[in-house]
Amino acid sequence: MSDHPCAQTTLVRLDAPPEPAAIGIGVHGPAGHVDEFQLPDMWQFHLYGYEADLTVDDVEHRLRPGTVSLVPPGTVVRFRYRGRSEHLYVHLRLGTTGTAREVPTVQHAGAQVPVLDRQLRQALAAWPHTPGRAAAEVWAALWGTAELTPPQDGKPQVPHPAVATAVALIEARLAEPLSVPDIAKAAGVSHNHLTRLFGTALGDTVVGYIRTRRMERAQHLLRASTLSISRVAAAVGIPDLQAFNKACRRELGACPRTVRASGIGVPTEQRTVRIDH
């Protein structure tokens, strides 16, 4: 029997919010009692407060307080309890599109146990009257669970801290002048190291990332707001209208007025961040 976090994994897609069907506290036992069942069409998301043995599709796991499990639909599970056993659970549906993340089916949440416990209890409290709030709490808990352990290929799917810091700074200051040395200094790394990290994480240079994000924001503002073109240009850090016009033609395929009038523009794409520490 194994409690190794990478003994068994499942692919999870979390780009869309989950659809909980039931949220509750399960109380089981007594010692030696066995439950075997499956949910044909729903995921099982559990946070355990007890010790027990769990078998998921013939793979055995040892549960202990703070263990979390995420079991896909149609999977046979078998619990053998060692006494009174209480866990938080969510039965839910997940989206089938978007980026697939490899997540251990059973793992210990470590220092994140209090966070997951709070999120699931808040979801439970909200569930009867505000299911949208409950779904939001469950979604946050699922993301936290998905990021507890890096994938088996050893490449964590969360960005290097320097990339995360740099991206946050860029997003907050797109309307301001930005230089790579200043961004690297704020991120605590050298100019060259930040360039290498961005290339690995985003497949782009820092300057290229800034240019792309400015144009994505410009496209959104042109198509979704009534801001003047000069205000849009200033809002994305390209206050010179001639330069903004050229940038739109180069990146969006048309001048700003045409983008606004016809909806022309490349769709915003999700960036997959894969980074080696």
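Quick note: numbers below take in every heavy atom, side chains included, and nothing from hydrogens, waters or symmetry partners. The residues of the chain are indexed from 1 along the displayed sequence. All of these numbers come straight from a predicted model, not from anything done at the bench.
In this structure, T130 contributes its side chain and R133 its backbone to no donor-acceptor pair below 3.5 Å. Judged purely by atom type and a 3.5 angstrom limit, T67 has no side-chain atom pairing as donor or acceptor with the backbone of L63. A donor-acceptor pair is defined here as one N or O able to donate and one able to accept, closer than 3.5 Å; such a pair exists between the side chain of T195 and the backbone of H191. For the pair T75 (side chain) and P72 (backbone), a donor-acceptor distance under 3.5 Å is present. Put simply, the side chain of T55 never gets that close to the backbone of D58: no donor and acceptor are under 3.5 Å apart. The backbone N or O of G83 lies less than 3.5 Å from a partner atom in the side chain of S85, making a donor-acceptor pair. Under the 3.5 Å distance criterion, the side-chain polar atoms of Q8 are matched with a main-chain donor or acceptor of V56.
Here the straight-line distance linking atom OG1 of T165 with atom CD1 of I170 works out to 11.0 Å at 0.5 Å rounding. Rounded to the nearest 0.5 angstrom, R62 CZ and L54 CG are separated by 12.0 Å. In this structure, CG in L221 is found 12.0 Å from CD in E216, a value given to the nearest 0.5 Å.
Inter-residue side-chain proximity for M215 and F244 is flagged as met; some heavy-atom pair is nearer than 4.5 Å. Between V259 and R223 the shortest side-chain heavy-atom distance falls below 4.5 Å. By the 4.5 Å heavy-atom criterion applied to side chains, L70 and T105 are not counted as neighbours. Residues V77 and D35 form no side-chain contact, since every pair of their non-hydrogen atoms from C-beta on lies 4.5 Å or further apart. Between I23 and V90 there is a side-chain heavy-atom pair separated by less than 4.5 Å. Side-chain atoms of Q112 and Q119, non-hydrogen and from C-beta on, never get closer than 4.5 Å to each other. Within the 4.5 Å cutoff, no side-chain heavy atoms of Q122 are placed close to those of W127. In this structure, the side chains of L142 and V138 come closer than 4.5 Å at one or more pairs of heavy atoms.
When all heavy atoms of I238 and A247 are compared, the closest pair comes out as CD1-CB, 4.3 Å. What you find for D15 and G98 is that their closest heavy atoms are OD2-CA, 2.9 Å. A141 and L116 get closest at one heavy-atom pair: O-CD2, 3.5 Å. The two residues P256 and C248 make their nearest non-hydrogen contact at CG-SG, 3.7 Å. The minimum heavy-atom distance linking A125 with P128 is given by the pair O-CD, 3.5 Å. When all heavy atoms of F198 and T205 are compared, the closest pair comes out as CD2-O, 4.2 Å.
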(request) Show your reasoning for whether side chain to side chain contact (heavy atoms under 4.5 Å, CB included) applies to Q219 and R260. (result) CA-CA 8 Å; Q219 174 187 308; R260 165 160 284 171; over 6 Å; no

(message) Please evaluate residues Y81 and D53 with respect to the criterion side-chain hydrogen bond (donor to acceptor under 3.5 Å, both in side chains), reporting the C-alpha separation (whole Å), side-chain torsions for both, the decisive distance (0.1 Å), and the verdict.
(response) CA-CA 7 Å; Y81 304 105; D53 301 321; over 6 Å; no

(request) Check the pair F79 / H46 against side chain to side chain contact (heavy atoms under 4.5 Å, CB included), numbers first and verdict last. (result) CA-CA 12 Å; F79 290 87; H46 288 180; 3.9 Å; yes

(request) Test side chain to side chain contact (heavy atoms under 4.5 Å, CB included) on L178 and R173 and set out the steps. (result) CA-CA 8 Å; L178 290 168; R173 300 182 182 176; 3.9 Å; yes

(request) Decide yes or no on side chain to side chain contact (heavy atoms under 4.5 Å, CB included) for Q107 and V103, but give the supporting numbers first. (result) CA-CA 9 Å; Q107 60 184 321; V103 178; 3.8 Å; yes

(request) Mind running ring pair (Phe, Tyr, Trp, His ring centres under 6.0 Å) on Y89 and F45 for me, showing each step along the way? (result) CA-CA 6 Å; Y89 72 87; F45 184 31; over 10 Å; no

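Taken together through direct or relayed side-chain contacts under 4.5 Å among Ile, Leu, Val, Met, Phe, Trp and Tyr, L92 and L39 form parts of separate hydrophobic clusters. Hydrophobic clustering (ILVMFWY, side-chain heavy atoms < 4.5 Å, transitive): F37 and V71 are in one cluster. In terms of hydrophobic clustering, with Ile, Leu, Val, Met, Phe, Trp and Tyr side chains grouped at heavy-atom distances under 4.5 Å, W139 and V115 are assigned to different clusters. Under the 4.5 Å side-chain heavy-atom criterion for ILVMFWY residues, no single connected hydrophobic cluster contains both L120 and M42. Residues I25 and V113 do not share a hydrophobic cluster, clusters being chains of Ile/Leu/Val/Met/Phe/Trp/Tyr side chains in contact below 4.5 Å.
Salt-bridge check for R217 with E171: passed, with a basic side-chain N closer than 4.0 Å to an acidic carboxylate O. Using a cutoff of 4.0 Å between basic side-chain nitrogens and carboxylate oxygens, E36 and R78 are scored as salt-bridged. The residues R84 and E86 are annotated as salt-bridged, a charged nitrogen and a carboxylate oxygen being separated by less than 4.0 angstrom. Between R82 and E51, at least one side-chain nitrogen of the basic residue sits less than 4.0 Å from a carboxylate oxygen of the acidic one, meeting the salt-bridge criterion.
Counting non-hydrogen atoms of other residues, nucleotides and ligands closer than 6.0 Å to CZ of R13 gives a total above 12.
Checked options H108, H87, H61; the residue passing with Y48 is H87 (criterion: ring pair (Phe, Tyr, Trp, His ring centres under 6.0 Å)).
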